[in-house]
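Below is one structure, written out as structure tokens; the observations come after it.
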Amino acid sequence: MANSSRRLILSALPQIAPSILAADFAHLGDAVENVSGAGVEMLHVDVMDGRFVPNISIGMPVVASLRKATDLFLDCHLMIVEPDLYVADFVKAGAQNVTVHQEACPHLHRSLQGIRALGAGAGVAINPATPVSTLEYVLDMVDLVLVMSVNPGFGGQKFLPLAYDKIRELAELREQGAFSFRIEVDGGVGLDNAEQLCAAGADILVAGSSIFGTPDPAQSVTDLKARSEQARMTRV
Ligand code: DX5
Ligand code: ZN
């Protein structure tokens with residue numbers, strides 16, 4: 001039923017990707033329906049293993065249930081050690097993009113090849129302390145670069161401004177190298193920084209608490225979209 005193409009991610013930019021981590025898991029279907037109604041095209045799914053990050057969240061069964069419940073693009077952010085062992089299971093469950101952490105992959109090139117071979121979009125994430133330069137030799141083979149603007153593991157943390165420079169650097173490298181990856185930013189994103197992040201070059205804003213932690217998540221999506229689209233106008 002769902003569009004399995006990783007290219008869906010490119011249909012309209014910038015995108016808001018609601019992170020379901022901040023939703024009420026007992027009413028996940030309702031939460032997804034609510035934000036779908038506000039016109040989002042993708043959902044961000046945070047997978048944590050209690051090892052790579054000091055928290056445990058959800059896994060493949062939830063992805064499979066989401067896949068049955070929605071046609072939205074499923075963007076899975078794996079905050080786990082040894083992600084290669086589970087990538088195929090996530091794709092089988094319905095993930096269309098799988099993002100692994102640079103810090104969790106001693107053989108990053110192989111990990112990314114593995115994701116692409118399964119027909120999914122391949123993303124790579126970098127923690128706040130990890131420089132963009134560590135990605136130099138994989139920029140031509142990724143669909144997405146995820147800039148963490150908090151230390152991963154928890155929702156509701158304070159945004160780290162170091163993300164701006166990384167986003168600008170990636171946007172520049174993309175232009176120079178004629179690469180096609182999208183730039184995603186995750187952590188502490190909200191109305192106060194959405195415009196500035198998109199102006200710096202972010203294509204996808206992941207937002208958890210600033211959507212599902214508000215009384216009206218659909219309205220919050222609409223407001224975030226308006227802010228980010230405003231930046232797109234001023235960028236050119
Ligand atoms: C954090 C996760 C984020 C998280 C963001 O480790 O990767 O996706 O859900 O939550 P907020 O938007 O609340 O910072
Ligand atoms: Zn995330």
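Positions are given from 1 along the sequence. Atoms within a ligand are numbered from 1 in the order they appear, just like the ligands themselves.
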* Structure fact -> Checking Leu146, Leu13, Leu170, Ile204 against Ile183 for side chain to side chain contact (heavy atoms under 4.5 Å, CB included), the one that qualifies is Leu170
* **Interatomic spacing from OG in Ser111 to CD in Glu82 - rounded to 0.5 Å** => 10.5 Å
* Asked: Of all residues at least two apart in sequence or in a different chain, which pass the side chain to side chain contact (heavy atoms under 4.5 Å, CB included) check with Ala38?
  -> Ala218, Val221, Thr222
* **Pair Ser19, Asp46: side-chain N/O donor-acceptor within cut-off below 3.5 Å** => yes
* To do: Using a strict 4.0 Å threshold on nitrogen-to-oxygen distance, state whether Arg168 and Asp165 make a salt bridge.
  => yes
* For ligand 1, what is the set of protein residues having any non-hydrogen atom at a distance below 4.0 Å? -> Ser19, Leu21, His44, Asp46, Met48, His77, Met79, Met148, Pro152, Gly153, Phe154, Gly155, Gly156, Asp186, Gly187, Gly188, Val206, Ala207, Gly208, Ser209
* Would you indicate whether the side-chain heavy atoms of Leu224 and Ile211 approach each other to under 4.5 Å? => yes
* To do: Show your working on ring-ring contact (aromatic ring centres under 6.0 Å, His included) between His109 and Tyr137 and close with a plain yes or no.
  => CA-CA 8 Å; His109 190 277; Tyr137 290 98; 9.5 Å; no
* Qualifying residues under side chain to side chain donor-acceptor pair (under 3.5 Å), relative to Tyr164, sequence neighbours excluded -> Gln196
* Provide the tally of protein N/O/S atoms nearer than 2.8 Å to the Zn ion (ligand 2). => 4
* Less than 4.0 Å between a side-chain N and a carboxylate O, is that true for Arg174 and Asp203? -> yes
